[in-house]
Each structure stands twice: as C-alpha cells, then as structure tokens.
There are 2 protein chains.
Amino acid sequence: MGNSRITVREIARLAGVSVATVSRVSNGTGQVSAEMRRRVLEAIEAHGYRPDHLGRALAARKHGAVGLVFPGLSGPYFTELIQGFESEAVRAQASVHILCTHLREDSDSQVLEMARRVDGVAVLGGTVSDEALRQLASRVPVVVLAGVGPAGVPSVRAENTAAMTELTRHLLVEHGLRRLAFVGSPDGSPDVSERWAGFQAAHRELSLPDPDAPLRLGLQQQDGVLAAERLLSGQPAPEAVVCANDETALGVLVGALGRGLRVPQDIVITGFDDAPISALVSPGLTTVRQPVRELAAETARRILTASDDPIDGGPEDVLLPTELVIRHSCGCPATDNP
Amino acid sequence: MGNSRITVREIARLAGVSVATVSRVSNGTGQVSAEMRRRVLEAIEAHGYRPDHLGRALAARKHGAVGLVFPGLSGPYFTELIQGFESEAVRAQASVHILCTHLREDSDSQVLEMARRVDGVAVLGGTVSDEALRQLASRVPVVVLAGVGPAGVPSVRAENTAAMTELTRHLLVEHGLRRLAFVGSPDGSPDVSERWAGFQAAHRELSLPDPDAPLRLGLQQQDGVLAAERLLSGQPAPEAVVCANDETALGVLVGALGRGLRVPQDIVITGFDDAPISALVSPGLTTVRQPVRELAAETARRILTASDDPIDGGPEDVLLPTELVIRHSCGCPATDNP
DNA sequence: TTGAAAGCGCTACCAT
DNA sequence: ATGGTAGCGCTTTCAA
C-alpha cells in the first residue's frame, strides 16, 4: 500500500485548471498568472504531488540516468571512482546505474542491455570489448574511463607512462637500485599496461638490461600479499618492488613487514594512486598521485553534457596530469610530517 | 546520432500486423499463430528491434530497477555488498541505482528522490534517519541491510553481538589477556554498536571491570593506522586491540608491524568480517566470518519479490549466522595452512 | 487468433 | 495566459 500516486490530471481537476497549467507550474516553464500558480501550488502541496519520473521520461525521451560499468573490484580506487561519478550525477539530477562485470564473458551483452536504460555510459578501461564499446557508442554517448576506446569513443584518463618512468628512474638513479620487480598484469587493464611501459622505458633510457617479466597478479591488496610471498622467498630477492597501484604496494608492505623485513632498508616498495592510507603508513609510501575523483567527475560531466546536447562535440580525449609523490618507502628520508 | 529507435508501430507496419501482435510476440504472452510470429520475428530481427524500456515501464507502472543506499566508504566490505546485491538484481533483469550518502545532511531527501525512480530500496543501516526510512517505506518496499529500521521496515543482518562476545571471551579466557582496546564508533553504525555491546558483555560475564571507552574512529584501513598510532604510543599500551572490522584491524597490523612490534607476541589484534586478505596476511587475522555477499543477495531478493507481489508478506527480519575464525593474530598457534 | 483502441503520466504544440 | 489535445512507446482489455 501507499503507492497510490496522484497524477497531473488529479491536480488539474483539484485546482480547477488544465493539466498543461499544472505541468507549466511544476516545471517552471511558460507563463502562468500568480493566481493560477497559487491554486496549483496549493493543490500540489496539499497532496504531496511529485510528477512521475516515468511519464516525464517517456515524454522527454530521456531517462535521467547514467551508467557506470566497472569490473567490481574492491579498494579505495573504485570507491573514489564511484563517488566522483555519483556526486556529479546527483548535481545534474541524474541517477546512477551500476554494472559490475566481474570480467565475465557475457558482460558485453549486459552492457548493451544497460544502454537501453540510461542516457549515457561510462566504461572502465578493459572491462568490455572494443566491439561492444562500438555498438554501445552507436546507441548512447559513451566515455572510456582510465583507458582508451576504439576510434570515435572519447576517453578520460590520467598520465601513467611518464609518471611511472619518472618514479622508476628515481629508484634507479637516485637510489642506485637494480633488480626491480614489477607487480601487476599489463594485459589486465590499460592503466597497468601503461605503467609497465613506463617502467620498461626507464630501464631502456638508462641502457640497463630489460627488467624481469611482471609478476602478473590482480590489483587488490591480497595480491600484494601474494606477491610478497613469491618475491621475498625467491633467493635473489629484488631490491625494490614497484607495484601497479597502492593497494598491492600495501599488501607487499604488510607481507614484508610480517616477515620481519625493514622497509626501505631491506627492501624498497612503491605504489601508484596515492590512496589516503598511503600517507599514513610508516614508512610513508612513495607513489604517484592520480586524481581519481576528478577523473570520474570529468567523465560524468562529459556524458551528461553529451546526452543533453545533440551536437556531437567531437570525441576529444582528456588526459589529466599525475604527480610523483616521494615519501619514505623508496629510501628517501621522510620529508612530510602529517 | 544513431539513436533513432524503431518502435512497435514500425515493426507492426513492416510485418503487416497490429502492434498488439508485435507486443504479444516480443513478450511471449498470449496466443499467436506460427505464421504471424514468423513475420513479426523476421521484422524484429531485420531491424534489431528491442522494446523501449520507458514505454514498457510506463505501461507496467514498474521501473525494473532497485536502489542501494550506502555511505560510500571504501573497502572489501562495501564491494562485496554491492556485488552481492547487483548479481541478484541482474538475475531478475533489474538494474541497480546507487546512492552514496557520504553521511551528508541532505541524504534523506536524496533517498526519497531515489524512491521515485525504483521499485524498491535497500538502505545500509545508519545511513539515513528512521523518519526518512518510514517515509520511504510508505512509497516503496524497503529493507534495511546490516541494521534495524523502525517498526514495519524489515531488515537483513548478521549476528554480531554473540560472535563478538565469543571472540572477546576467547581473548580474555584462553589467552588470559586483560586491557583490551576496542576500535570503532558504536554510534556510527548498528553493526559496530552491536559488536561493542558484545565486547562489553564478555567483560561483564566474567565480572571484569568495564573496558575503556572505544576508540571512536571510522571503519577504513587508515583509521586502523591512526588507531595504532594512538594506542601504541600511550604508555600502558593495551594487550589486545579488538577492531570493529577487518579493515581497521589490518590498519592496526600495519601500524604495529611498522613500529617494529611483533604480532601476536607483543600485541594481539582481531578483526570482524573475514575479508579475503585476512587469511593471507601473517599472522593470519583472527576474526568473525560474516556472509556479506549473502546478506546483500538476500536483501535484493526480498526487495525484488516485495515489489512484485502486492501481498505485503509481513516485515519478517532475517538474521544470518556468523562464525568465529581463529587464526594466529590472537596468539593461537597457526592452524590452517592456506 | 487478431486488431482497434484505451490508457500509463507527462510535456508541448497550437489555438483561443 | 490558458486549455485542449496529440503524442512519447508500450501493454492490455475487449470485440470481432
């Protein structure tokens, strides 16, 4: 019970006006005399009338909703992403549909299905096929977040490669470290792929031998713990562990500390993202700051405007800057006192 | 471009039948002759027709969507929650709207607004006021997840109190520990409140002096790091740190390890949730297993059925069992070899 | 079995 | 400034 919604027609009848006038009043469109407006408002108040979304959406041929597709992994990264996206959507009065693909096979069709219920979709890089992305883009505005899509599909991402090269160079040059291990699957996500590329580039720049193949694990903290297990048991343990993100770096940190190793004296660890916790742990995590929230917000904005303006404002890509954050886990003396 | 949807009428015209027949075919309802069906299906295939959601929803007076309201914190707990909820929703062909309240003031009105776009809402305990919950429930089916709502609003939650009492008793009796510190804000969420109650109960049962007031911090990993900082600097450091969840326990673990303390020899740490990583760290985290995913799935199921059946199947509360998981961080010898 | 037509709740155009 | 009315795309009686 309780769901006996009152309609425009009811209000119109009650206020002794036409439905058109009620619509005008409740939308603030067109011209309405003070007297009429008062009568209508009165009836609206009296019955707690709120225009039905479905009726409105059908008439406007617009859902008032946007979709967010992500793999469904945990961690501060995804939470920031969701929040950044969501906050921009509520500001635009749009609701947010989410779809966790879990990297499943049938996610392509699920994404396409989602497209029928929203005005635009943001897809995290690496979660659905380029083919699906293309089909999607033929139906609704699409933006690839943290990755690049096929031609014609715009993207919003952060600068990964150069930042990782800079970080790696810091380890190689400033700290004179060799035998760096990279943790993360380059083929798992565009972000990791670029970071791995940056890692390699630093070695190449300095004419050092190619680094070992990456330790292909996921991006979650437990993967970092696993990485520590493998890396720190192997006889020639690496001098530094360069992680694809902060989550795994924290996992490696826990693993190393748990084995009684000292960081950075016995082993150096670095991350990527600059999650809130990374500044708090000791030693503070050396990492790269990425504006995750802003990335997501920008994505939401682009989708929202694209679904409003019919003018296809060219698929212009956005690349947000990142920033190397030196703390203590790389071997530098602690500089910041939080 | 590309959004020139084809309608029932088009298909009907193309197939030389009425819209009613097209509708019957695309929904598999009613009786349609083989010949008609073939003609319709052909037209549908040929033009890739898919019935519009808005039209369908308006006619059915049903959104085909459910809402999930949560504070928007990070961590495996929320991710599991979202995933459990979402997987059950996709199975029912419903989409999921999310709303991160961030524990803001205006979240009540946002939740009410969401109610106008979905067929039912799941609200995480402690995110909106009871008053809002009541209003919400008068519009759509509502279930409180991990908490209890006002009378008339059903809830789905896990057994917290007894489990925490058992865990605390284990520390107090088996390990003979005293001076246990509790980390978490009882007034922050129903879950924490119950866990704190269980913690106190164990002390009372054993006629021990009341424990110190809880260290009121959030539920994220960084809060655990903060907790370690405060707790382990104080002169009489506690013998054990009982955390409201695994996230904070992990934070405390990192903090303790980072200060060169040994766990459990120098300090005992326990959590709650049994996150995936908790079995992996060393020492393995002693905690309480909570079926988070199942909690969310059950919540989704109840909302979905409630929004289908008009029969108000009484607000029956669900309480899922929890289980004490003894590992090594409490001082017990490591038993499981993962 | 099939089709015509009446909505679902709202907006917007076109007269008045 | 106001009201009648024609849709938006679909489902579902009700007749035929």
Side-chain angles (χ1 to χ4, degrees), chain A residues 3-41 43-44 47-65 93 115-119 139 307-308 310, chain B residues 3-41 43-44 47-65 93 115-119 139-140 307-308:
Chain A
N3 216 356
S4 53
R5 303 285 314 171
I6 190 165
T7 75
V8 236
R9 259 176 289 269
E10 283 291 270
I11 295 295
R13 193 177 55 74
L14 260 27
V17 303
S18 75
V19 294
T21 300
V22 174
S23 177
R24 281 190 275 258
V25 169
S26 72
N27 291 318
T29 63
Q31 303 289 44
V32 185
S33 72
E35 165 60 7
M36 290 275 117
R37 159 168 295 110
R38 194 191 55 69
R39 291 229 304 269
V40 173
L41 250 24
I44 286 183
H47 298 267
Y49 166 76
R50 301 287 283 136
D52 178 285
H53 250 287
L54 289 175
R56 181 175 279 192
L58 183 58
R61 321 246 248 109
K62 196 164 178 313
H63 296 80
Q93 314 249 58
R116 313 201 309 112
R117 304 171 175 234
V118 297
D119 301 319
R139 305 185 203 290
S307 65
D308 277 346
Chain B
N3 216 356
S4 55
R5 303 284 315 171
I6 190 166
T7 76
V8 238
R9 259 177 288 272
E10 282 291 270
I11 296 293
R13 193 177 54 74
L14 260 26
V17 302
S18 75
V19 295
T21 300
V22 174
S23 177
R24 283 190 274 258
V25 170
S26 73
N27 290 320
T29 64
Q31 302 291 46
V32 184
S33 71
E35 165 59 8
M36 289 276 115
R37 159 168 295 111
R38 194 191 55 69
R39 291 228 304 269
V40 173
L41 251 23
I44 287 182
H47 298 268
Y49 166 75
R50 303 286 283 134
D52 179 284
H53 250 287
L54 289 175
R56 181 174 279 192
L58 182 58
R61 320 245 250 114
K62 196 166 177 314
H63 296 79
Q93 315 249 58
R116 314 200 309 113
R117 303 172 176 233
V118 297
D119 301 318
R139 303 185 204 289
V140 294
S307 65
D308 278 346

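Numbered from 1 within each chain, the chains take letters A, B, ... in sequence-line order.
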Counting the atoms with a prime plus P, OP1 and OP2 as sugar-phosphate, which does [X] contact under 4.0 Å by heavy atoms, base, sugar-phosphate, or nothing?
{"X": "B:L58", "result": "base"}
{"X": "B:S23", "result": "base"}
{"X": "A:V32", "result": "sugar-phosphate"}
{"X": "B:V22", "result": "nothing"}

Drop me the distance from [X]'s [atom1] to [Y]'s [atom2], to the nearest 0.5 angstrom.
{"X": "B:Q31", "Y": "B:M36", "atom1": "CD", "atom2": "CE", "result": "14.5 Å"}
{"X": "A:H63", "Y": "B:R117", "atom1": "NE2", "atom2": "CZ", "result": "11.5 Å"}
{"X": "A:I11", "Y": "A:H47", "atom1": "CD1", "atom2": "NE2", "result": "6.0 Å"}

Nucleotide nearest [X] when distance is taken to its side chain, options [options]:
{"X": "A:A59", "options": "D:dT12, C:dC10, D:dT2", "result": "C:dC10"}
{"X": "B:R9", "options": "C:dG3, D:dG9, D:dG3", "result": "D:dG9"}
{"X": "B:A20", "options": "D:dC10, D:dT5, C:dG3", "result": "C:dG3"}
{"X": "B:S26", "options": "C:dT1, D:dT11, C:dC10", "result": "D:dT11"}

Nearest-Å distance for atom pair [atom1]/[atom2], residues [X] and [N]:
{"X": "A:D52", "N": "D:dC8", "atom1": "CG", "atom2": "C1'", "result": "13 Å"}
{"X": "B:N27", "N": "D:dT12", "atom1": "CG", "atom2": "C1'", "result": "11 Å"}
{"X": "A:H53", "N": "C:dT11", "atom1": "NE2", "atom2": "P", "result": "10 Å"}
{"X": "B:R39", "N": "C:dG3", "atom1": "CZ", "atom2": "C1'", "result": "13 Å"}
{"X": "A:H63", "N": "D:dC8", "atom1": "NE2", "atom2": "C1'", "result": "12 Å"}
{"X": "B:I6", "N": "D:dC8", "atom1": "CD1", "atom2": "P", "result": "14 Å"}
{"X": "A:L54", "N": "D:dC8", "atom1": "CG", "atom2": "P", "result": "18 Å"}
{"X": "B:R56", "N": "C:dG9", "atom1": "CZ", "atom2": "C1'", "result": "19 Å"}

- Item | A:R61 and B:D52 ion-paired at < 4.0 Å | no
- Heavy-atom check, side chain of B:R39 versus side chain of B:T21, under 4.5 Å: no
- State, with a plain yes or no, whether a side-chain heavy atom of B:S23 is found less than 4.5 Å away from one of B:N27.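 Counting from C-beta outward, B:S23 and B:N27 do come under 4.5 Å.
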So, does [X] get its side chain near the phosphate of [N], meaning an N or O under 4.0 Å from OP1 or OP2?
{"X": "A:S18", "N": "D:dG3", "value": "yes"}
{"X": "B:T21", "N": "C:dG3", "value": "yes"}
{"X": "B:T29", "N": "D:dT11", "value": "no"}

- Establish whether the base of C:dG3 is bridged to the side chain of B:R24 by a donor-acceptor pair shorter than 3.5 Å. yes
- Message: Using only modelled atom types and a 3.5 angstrom limit, is any donor from either the side chain of B:R61 or the base of C:dG7 paired with an acceptor on the other?
- Response: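 For B:R61, whose side chain was compared with the base of C:dG7, there is no donor-acceptor pair (under 3.5 Å).
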- Where each residue is assigned the nucleotide of DNA chain D containing its nearest heavy atom, which of B:A60 and A:A34 is assigned the position nearer the 5′ end?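 Mapping each residue to its closest nucleotide by heavy atoms, the 5'-most match is A:A34.
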